[in-house]
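Only one structure is covered here, and it is reproduced in the block below.
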Amino acid sequence: MNLLSLPQGSNFAPSVDHLLYYLTAVSVFFILLIFAAIFYFSIRYRRQSEHDLPEPVHAGLAIEIVWSVIPFILTLVMFGWGASIFFAESRPPENAMQVYVVAKQWMWKVQHMEGQREINELHIPVGRPVKLVMTSEDVIHSFFVPAFRTKQDVVPGRYSTTWFTPTKPGKYHLFCAEYCGTKHSGMTGWVYAMEPQDYQAWLSGGRAFGSLAENGEKLFQDLACDNCHKADGSGRCPSLVGLYRRAVLLADGRSVTADEAYLRESILQPNAKIVAGYQPLMPTFQGLVTEEGVLELIEYIKSLSPGTAPAEINTNPGAPTPAPTKP
Ligand code: CUA
């Protein structure tokens, strides 16, 4: 059941709506109860004469407990229910298809693993979890698709993620939900949820850019990263082969996991975390590489660790996979 005049376009939409109905029902019930009590008591106990003095009333313990415990349980249900949806929305499944989003004043730039780029549009297949990895080039924006009941801040200097499984093909509004400057209200776009075969057709059309990892490899050479980061580990800087998602021992004794955030930081602020056994030789690439360039470099480094991220490369590993068609 959908009481809102808003399509339910994702796996989260029904559960968010049900929570909203519960909140509304509880609020309406208590508004009616309280106002009915106000009117009833104001008439029932109105002043009868000029000299009418009320008698002191001592409420019973039982009724005090009842009207404390019942609202407590009702609000705990709100908390538990809301938290469970929040946790579900915070944890993308492992097999989610990954898409990068870079926000800037005032547009949404989208990059698919296969190399497709879009501006203010996002094409995705229905029936598959989609994970968005998002960052901003300037100020805080917020990625908001009402039909998906998804809203996530997009923050400069870090990656934020959100995910959803589109359930119904259609064209849905995308909004920026964080005031980000003069043309904030114009920072809108469309999300196209497509049948898987239509999505495959869309993917194979207009493929002119090369995949993210391929572009990243080219950028890696253009920036002469390969002078120091040699694949066999003989360079002055650590080899990046097999690095992604591995634990890295740092010079100060700490250990970090080489995830996207670590790779991004190491490109833009190389001295923030020095790998044990190496000198802080690397110059910063802040200002030399765009956010898109950083994403391409990260995808290239990830491609040097085969097997760690197959779901993000494969476009349709989900259950009912169509038989591969040979060209
Ligand atoms: Cu971007 Cu508001």
Side-chain angles (χ1 to χ4, degrees), residues 4-13 16-17 20 82 85-86 88-92 96-113 115-124 129-166 170-194 202 209 212 215 259-261 263-265 267-269 285-299:
L4 308 166
S5 61
L6 187 60
Q8 292 181 323
S10 84
N11 57 324
F12 293 123
V16 172
D17 288 357
L20 179 66
I85 296 176
F86 175 81
E89 291 207 9
S90 309
R91 293 199 190 113
M97 169 188 132
Q98 187 165 317
V99 178
Y100 283 112
V101 176
V102 177
K104 66 174 280 193
Q105 290 168 319
W106 289 275
M107 64 171 82
W108 298 102
K109 296 188 284 186
V110 173
Q111 293 205 345
H112 293 258
M113 285 301 141
Q116 272 76 7
R117 294 160 192 239
E118 316 184 63
I119 290 191
N120 295 336
E121 291 190 340
L122 170 62
H123 288 76
I124 41 176
V130 176
K131 173 187 175 188
L132 303 181
V133 176
M134 305 186 287
T135 190
S136 166
E137 283 184 22
D138 34 50
V139 298
I140 301 176
H141 303 270
S142 184
F143 188 95
F144 180 33
V145 183
F148 292 176
R149 314 294 191 269
T150 314
K151 189 192 280 177
Q152 174 63 49
D153 273 9
V154 181
V155 182
R158 70 151 93 161
Y159 292 129
S160 50
T161 58
T162 188
W163 78 279
F164 43 77
T165 302
K171 180 183 176 186
Y172 304 111
H173 267 298
L174 160 66
F175 295 109
C176 178
E178 184 74 53
Y179 181 66
C180 56
T182 313
K183 292 183 191 155
H184 155 72
S185 63
M187 194 170 161
T188 61
W190 295 99
V191 176
Y192 297 88
M194 311 168 86
W202 178 83
F209 299 109
L212 281 189
N215 291 338
D259 56 8
E260 282 90 348
L263 297 177
R264 180 180 186 283
E265 181 188 62
I267 294 166
L268 299 177
Q269 298 161 41
F285 286 85
Q286 191 102 54
L288 296 174
V289 201
T290 61
E291 287 292 348
E292 283 102 330
V294 174
L295 295 175
E296 289 170 347
L297 288 172
I298 289 175
E299 281 310 309

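Quick note: numbers below take in every heavy atom, side chains included, and nothing from hydrogens, waters or symmetry partners. First listed ligand is number 1; within each ligand, the first listed atom is number 1. Model, not experiment: these values are computed from the prediction.
- For the side chain to side chain contact (heavy atoms under 4.5 Å, CB included) criterion with Met107, the lone passing option out of Thr188, Val102, Ile119 is Ile119.
- Within the structure, salt bridge (charged side-chain N to carboxylate O under 4.0 Å, His left out) contacts touching residues 97-110 (residues at least two apart or in different chains) are Lys109-Glu137, Lys109-Glu292.
- With sequence neighbours excluded, the residues that form a side-chain contact (heavy atoms from CB on, under 4.5 Å) with Gln269 are Glu265, Ala272, Gln286.
- For atom 1 (Cu) of ligand 1, the neighbouring protein N/O/S atoms at less than 2.8 Å, given as residue and atom, are His141 ND1, Cys176 SG, Cys180 SG, Met187 SD.
- Contact between Ser136 and Glu291 at its shortest, heavy atoms only, is O-OE2, 4.1 Å.
- Residues meeting the side-chain contact (heavy atoms from CB on, under 4.5 Å) test with Pro146, sequence neighbours left out: Leu6, Phe144, Phe175.
- With Trp106 contributing its side chain and Cys180 its backbone, the two residues share a donor-acceptor pair below 3.5 Å.
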